[in-house]
Amino acid sequence: MKKVITYGTFDLFHVGHQRLLERAKALGDYLIVGVTSEDYDRERGKLNVRDSLPTRIANVRASGIADEIIVEEYVGQKIGDIIKYAIDVFAIGNDWKGKFDYLKKYCEVVYLDRTKGVSSTELRSDLARILRVGIAADGFSDGDIVAESHFVSGLEVTGACSTAGSEAFCTKYDLGAAYADMPALFAENDLVYVHVRRRYRYAFALEALERGKHVLCDFPFNQPEEAEDLMEFARGKNLALVPRLPLACLRTFRQLIDLLHGGAIGDVLSVECAMPAEPFGGFRDAETLATYAITRILGADAENIARVSVRGRERYDRVVYAWRGAAASCAVSESEWLHPGLTILGTDGRADAPGAWWNLSYFKLQTGGADSVKRFSFNTEGPGLRYLLSETARTIAEGKTDTGMIPPEELLALMNLLERGDLL
């Protein structure tokens, strides 16, 4: 007898899940299905799971496809299950392609095609509770949204419209719908992710809002007036307009801000942060994220701002902010020798977030000698986008126009701050 095993959350069970199980069962004679536990889902960053574990197990059982159902409770369990149940084939959706190649030493590994076109008539009734997302792009980058959306239950990226070529874009990311134009994308989706260069963001976002669609948009816009206009329009239409600033949704970052505002290191004297430009699509977007972190700590009412840009073989930009009694700076560079990190000095100590602080999962506070260092951490998976997607889905479900993580007045203050400063 040939045994097959597959795993999944199987939240909001629908035809796509059933077809995946059917394909897995066709690979052998006996199918074991591992359903993830709530604790394991939280540990691996799977967010917004709506159905309870008993409900998800019951739905898999009701499909009539699984011969046996087990619970996946911890990272690393798959190897033990394969050995325990004498598995011949491990099957999983091809959105995980390559991720489980390490299991090939124990059994055959098969990556199954996923069900494309989740907005089709056949799937509409099953996906009534699913938030459909379309990507509006001007290149071949998805901004990580396809991979990260897999960790947010109740959300499905259906396809894309890219000015660089929708068919090629969707082939690259295995998306079912290559929309010929923006109206076609609007017709099939509830939420539009605007992933275009800064000068086009306002126009794309405004068109989506005019068509009655919620918007997740790369940030910033060209001018503060654009941000203010879009926010006012979204409020008037009762639509969500969410800027892409995943840092705002990270639990560890919020904890850091609360501790600093609570005087954990006394009065803040300086904030210094450094980051590369490339992962953020350019210097302006990287500076925006750094400036957001700075303003959350010191406020957006800086008295003086100066900018320096060095255009040699590798570009280096630095922005310096000054308040009465405090200062801050952010450095952005193309150089591989720039060491990223966030350091905050106070009158009674310091806080450090080394490395990729924009995905903040760890920081430390020091208020005395070596024995006085306190470490704070929270398991943050991926580039933080899944947490923003989770907040976006919650915001839409609750009928709100913003996540509450970044109040509109803070966004406008941030945009105004980005427009200030003399280039030295």
Do other residues, nucleotides or ligands put more than 12 heavy atoms under 6.0 Å from Glu207 CD?
->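 For Glu207, atom CD is crowded (more than 12 foreign heavy atoms under 6.0 Å).
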Within the distance-only criterion (no hydrogens, no angle test), does the side chain of [X] pair as donor or acceptor with the backbone N or O of [Y] below 3.5 angstrom?
X      : Y      : value
Arg235 : Thr401 : no
Arg318 : Val310 : no
Tyr387 : Pro246 : no
Thr6   : Ala91  : yes
Glu38  : Leu53  : yes
Ser329 : Tyr321 : no
Tyr111 : Phe100 : yes
Arg375 : Tyr362 : no
Arg132 : Glu156 : no
Asp138 : Arg197 : yes

Residues forming a side-chain contact (heavy atoms from CB on, under 4.5 Å) with [X], sequence neighbours excluded:
X      : value
His214 : Leu191, Leu239, Ala240, Ile396
Phe378 : Arg251, Thr252, Thr380
Leu230 : Tyr202, Ala205, Leu206, Leu209, Phe221, Leu241
Pro243 : Phe219, Ile406, Leu411

Enter the distance from [X]:[atom1] to [Y]:[atom2] here, rounded to the nearest 0.5 Å.
X      : Y      : atom1 : atom2 : value
Phe186 : Cys161 : CZ    : SG    : 8.5 Å
Ile5   : Ile82  : CD1   : CD1   : 6.5 Å
Asp317 : Arg284 : CG    : CZ    : 10.5 Å
Leu259 : Phe376 : CG    : CZ    : 5.0 Å
Phe169 : Thr171 : CZ    : OG1   : 11.0 Å
Met275 : Cys330 : CE    : SG    : 8.5 Å

Nearest heavy-atom pair of [X] and [Y]: which atoms, and what distance?
X      : Y      : value
Leu247 : Phe253 : O-CD2, 3.5 Å
Ile70  : Asp81  : CD1-OD2, 3.5 Å
Leu12  : Ile130 : CD1-CD1, 3.7 Å
Arg201 : Asp218 : CD-O, 3.4 Å
Leu388 : Cys249 : CD1-SG, 3.6 Å
Ala331 : Tyr316 : CB-OH, 3.5 Å

Quick one: list whatever passes salt bridge (Lys or Arg N to Asp or Glu O under 4.0 Å) with Lys213, sequence neighbours left out.
->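 If we apply the salt bridge (Lys or Arg N to Asp or Glu O under 4.0 Å) test to Lys213, skipping adjacent residues, there are no hits.
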Check side-chain hydrogen bond (donor to acceptor under 3.5 Å, both in side chains) between Lys172 and all other residues, then give those that pass, not counting sequence neighbours.
-> none
Within 45 degrees of the axis of the six-membered ring of Tyr7 and under 6.0 Å from its centre: does Lys78 put its NZ or CZ there?
-> yes
Under the salt bridge (Lys or Arg N to Asp or Glu O under 4.0 Å) definition, can you give me all pairs with a residue in [range], not counting sequence neighbours?
range            : value
residues 141-152 : Glu148-Arg386
residues 262-275 : none
residues 98-107  : Asp101-Lys104
residues 295-304 : Glu303-Arg324

Are Glu391 and Arg244 within salt-bridge range, i.e. N to O under 4.0 Å?
-> no
Between Asp51 and Arg56, is the closest basic N to carboxylate O distance under 4.0 Å?
->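 Answer for the salt bridge query: no.
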With sequence neighbours left out, which residue pairs that include part of residues 263-282 fulfil the ring-ring contact (aromatic ring centres under 6.0 Å, His included) condition?
-> Phe280-Trp358
Side chain proximity check, Leu389 to Leu216, heavy atoms < 4.5 angstrom = yes
Is there any side chain to side chain donor-acceptor pair (under 3.5 Å) pair reaching into residues 337-350, and which pairs are they, with sequence neighbours excluded?
-> Thr343-Asp352, Arg350-Asp352
Polar side chain donor-acceptor pair, Ser309 to Arg311, under 3.5 angstrom | yes
His195 and Tyr193 aromatic ring geometry - parallel, tilted or perpendicular at 30°/60° bounds | parallel
Mind checking whether Phe10 and His17 have parallel, tilted or perpendicular rings, split at 30° and 60°?
-> perpendicular
Output field: ring centroids Trp96/Phe151 closer than 6.0 Å =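 They qualify: ring centres under 6.0 Å apart.
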Checking side-chain contact (heavy atoms from CB on, under 4.5 Å) for the pair Lys400/Arg394: CA distance, chi angles, key distance, verdict?
-> CA-CA 9 Å; Lys400 298 178 180 178; Arg394 179 189 59 79; 4.1 Å; yes
